[in-house]
Amino acid sequence: MLPADFPYYFCGLPFRPYQVGRKLKWLLGLGDIRPVLKGVYVDHRVPDSQQLRADALRLLTPPEAVVCGAAAAWLHGIDTTALGPAELVEAQWTREADDTVEVCGLRVLSPVASAVELAMRLPRPFALSAVDAFLRTGKADLWALRAASAECERHAGYRQGQEVLRWADRRAASPGESWLRLRLIDAGFGRPDLQVPVNGPRRTYRLDLGYPDRPVDGRRLGLEYDSDAWHSSTKQQLKDETRRTELEGLGWHVISVRRTDLWGSYPALELAVGGFLCQEPRLPRRW
C-alpha cells in the first residue's frame, strides 16, 4: 500500500489499462489502484465523486456521444444492481437522444429519460429498484416518468416499463426492499404497504413492508429486508431478534428476509408468506 505522501498515479486522474501495461495486475494486487468502471482505473486514494465518474466515462465515449443506459444512471448517482463491487458499470452511449442534460461537461440522458430507459431494458427486479432509487432521491417524478414512458409505446420493452412504473414507489429505502416487493407481487399477494408504522408503548417501529389491512387471527404480517452490510454481526442479529419479539407482542408476525431468500428458484419466502396469509402463492418464481 502506498504511503499517504506518495504522488498519486496519473495525478489522481482516471486512466486506461494500456497506460500502465503489464503493471496493471501488480498495482491492483498491491491495492494501489482500483477500478472505477470497466476498463478505467484510478489511484485508490481518490474518493468517488460525480466528477470522477464523468472523467472516467469521457475516456470511453466519443466527444459527441450521449451517455445512456446503466452508465447514465451511475453518473446520476443511481446504483442499478447493488449486488456488490464486482458489478462494474460498462460505458454505454448513443448519438440519438433528445432529452439530455450536461453533467460535469459530459452529455448524458436526463434522469427522467434514464429511468424510463432502464424500466424497459433492465431485468425486472433491477428495473424496479433503479426506478425506485430515481424517485427516492428526487431526481425524477413518477408523473413525469409516466408521461415520458407514454411516448415509447412502440419501443421494445414498453410493456415491462409500464408494469415497473405501475409498481414503482419512492418509499422503498433500498434495492433489497424493491426486490422483496416484486417477489410478493409476483406471488399474487398484492401490493404491500411500505414503511409501515407500528405504535408501541415507548416508541414507534417502522417495518419495511407489510399487510396492515389483512389481519389473520388478530395478527398482521410484516416483512423486513436484512442486508448483509447492516445485519450480519452477532450484536446486530441479537438486536433484530429483540425487535421482532417486541413487534410480536404488538400483534405483528415479522418475517426476516435475506438476499439469499430473494434470488434462486426455491420459494421458501412465498410459502412462508402464503402460510401466514392462508393463500396459495403463484409459483414457480418468475426470476
Side-chain angles (χ1 to χ4, degrees), residues 37 53 57 60-62 64-83 87 89-103 106-194 209 262-263 282-287:
L37 73 162
R53 295 183 178 194
L57 284 166
L60 299 175
T61 56
E64 71 281 4
V66 176
V67 178
C68 63
W74 180 68
L75 188 55
H76 288 304
I78 302 300
D79 191 344
T80 54
T81 63
L83 287 180
E87 297 292 327
V89 174
E90 292 188 62
Q92 296 173 278
W93 53 272
T94 182
R95 289 189 172 91
E96 300 178 359
D98 297 323
D99 188 6
T100 66
V101 295
E102 188 172 298
V103 176
L106 196 65
R107 288 184 67 206
V108 57
L109 283 182
S110 72
V112 169
S114 296
V116 170
E117 180 187 32
L118 295 178
M120 295 192 299
R121 296 186 179 182
L122 284 180
R124 291 172 66 250
F126 298 134
L128 182 61
S129 60
V131 173
D132 282 351
F134 272 107
L135 297 176
R136 180 173 63 253
T137 57
K139 297 180 183 295
D141 173 81
L142 186 56
W143 297 108
L145 294 182
R146 288 173 175 169
S149 176
E151 300 177 5
C152 303
E153 187 171 0
R154 297 186 179 183
H155 293 202
Y158 173 76
R159 181 174 296 180
Q160 174 182 291
Q162 293 299 108
E163 180 191 14
V164 168
L165 293 181
R166 177 187 177 191
W167 301 124
D169 196 311
R170 64 181 179 83
R171 295 175 297 169
S174 69
E177 292 181 25
S178 301
W179 304 333
L180 174 55
R181 186 167 85 256
L182 187 60
R183 275 279 180 230
L184 297 172
I185 292 170
D186 283 352
F189 298 124
R191 184 173 190 159
D193 198 7
L194 279 69
L209 302 95
L262 293 177
W263 300 97
R282 184 189 301 130
L283 295 173
R285 286 182 163 187
R286 294 179 60 182
W287 48 277

Enquirer: Side chain to side chain contact (heavy atoms under 4.5 Å, CB included) for Thr61 and Leu106? Distances and angles first, verdict last.
Expert: CA-CA 10 Å; Thr61 56; Leu106 196 65; 4.3 Å; yes

Enquirer: Donor-acceptor pair, distance only, cut-off 3.5 Å: does the side chain of Gln92 make one with the backbone of Ala70?
Expert: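 Answer holds: yes.
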
Enquirer: Quick one: does Asp79's side chain get under 4.5 Å of Pro175's, heavy atoms only?
Expert: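 A side-chain contact under 4.5 Å is absent here.
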
Enquirer: Is it true that a side-chain atom of Arg121 and a backbone atom of Gly69 form a donor plus acceptor pair closer than 3.5 Å?
Expert: no

Enquirer: Are the side chains of Asp169 and Ser178 in touch, meaning some heavy atoms are under 4.5 Å apart?
Expert: no

Enquirer: With no hydrogens and no angle check, is any side-chain donor or acceptor of Gln160 less than 3.5 Å from a backbone partner on Ala119?
Expert: yes

Enquirer: Does the side chain of Val101 reach to within under 4.5 Å of the side chain of Val108, using non-hydrogen atoms?
Expert: yes

Enquirer: Within this structure, what is the CZ-CG distance for the pair Arg166 and Leu128, rounded to the nearest 0.5 Å?
Expert: 12.5 Å

Enquirer: For residues Tyr158 and Ser149, report the shortest heavy-atom separation together with the two atoms involved.
Expert: CE1-O, 3.3 Å

Enquirer: Do Val164 and Leu122 have side-chain heavy atoms sitting under 4.5 Å apart?
Expert: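 Answer no - side chains too far apart.
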
Enquirer: Given Phe134, which partner from the list Leu142, Asp141, Leu118, Val112 fulfils the side-chain contact (heavy atoms from CB on, under 4.5 Å) test?
Expert: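 Output: one option passes, namely Leu118.
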
Enquirer: With rounding to the nearest 0.5 angstrom, report the OG to CG distance, Ser114 to Leu145.
Expert: 10.5 Å

Enquirer: Would you kindly check if the NZ (Lys) or CZ (Arg) of Arg124 is within the cone defined by 45 degrees around the ring axis of Trp179 and under 6.0 Å from the six-membered ring centre?
Expert: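 Not flagged: Arg124 not positioned over aromatic ring of Trp179.
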
Enquirer: Looking only at heavy atoms, what is the nearest atom pair of Ala130 and Ile78, with distance?
Expert: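 That would be O-CG2, 4.0 Å.
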
Enquirer: Give a yes or no answer on whether the side chain of His76 reaches the backbone of Leu109 with a donor-acceptor pair at less than 3.5 Å.
Expert: yes

Enquirer: Exactly one of Arg286, Arg181, Arg282, Arg191 should register a salt bridge (charged side-chain N to carboxylate O under 4.0 Å, His left out) with Asp186. Which one does?
Expert: Arg286

Enquirer: Closest heavy-atom contact between Gly190 and Ile185?
Expert: O-CG1, 4.1 Å

Enquirer: Does a side-chain heavy-atom distance below 4.5 Å link Leu60 with Leu37?
Expert: yes

Enquirer: Could you grab the distance from atom CG of Leu209 to atom CG of Leu180, nearest 0.5 Å is fine?
Expert: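 Between Leu209 CG and Leu180 CG, I get 5.0 Å after rounding to 0.5 Å.
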
Enquirer: Enter the distance from Glu90:CD to Trp74:CH2 here, rounded to the nearest 0.5 Å.
Expert: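 If I round to the nearest 0.5 Å, the distance is 12.0 Å.
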
Enquirer: Looking at every non-hydrogen atom in both residues, tell me the closest pair between Leu135 and Ala140 and how far apart they are.
Expert: CD2-O, 3.5 Å

Enquirer: Heavy-atom distance under 4.5 Å between the side chains of Glu64 and Arg107, does that happen here?
Expert: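 No, every pair of side-chain atoms sits at 4.5 Å or beyond.
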
Enquirer: Got a second to check how far Met120's CE is from Glu163's CD, nearest 0.5 Å?
Expert: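 Here the rounded value is 14.0 Å.
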
Enquirer: Which atom pair, heavy atoms only, marks the closest approach of Arg170 to Arg136?
Expert: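 Closest approach of Arg170 to Arg136: O-CB, 3.5 Å.
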
Enquirer: Calculate, to the nearest 0.5 Å, the distance between atoms CG and CZ belonging to Asp132 and Arg171 respectively.
Expert: 10.5 Å

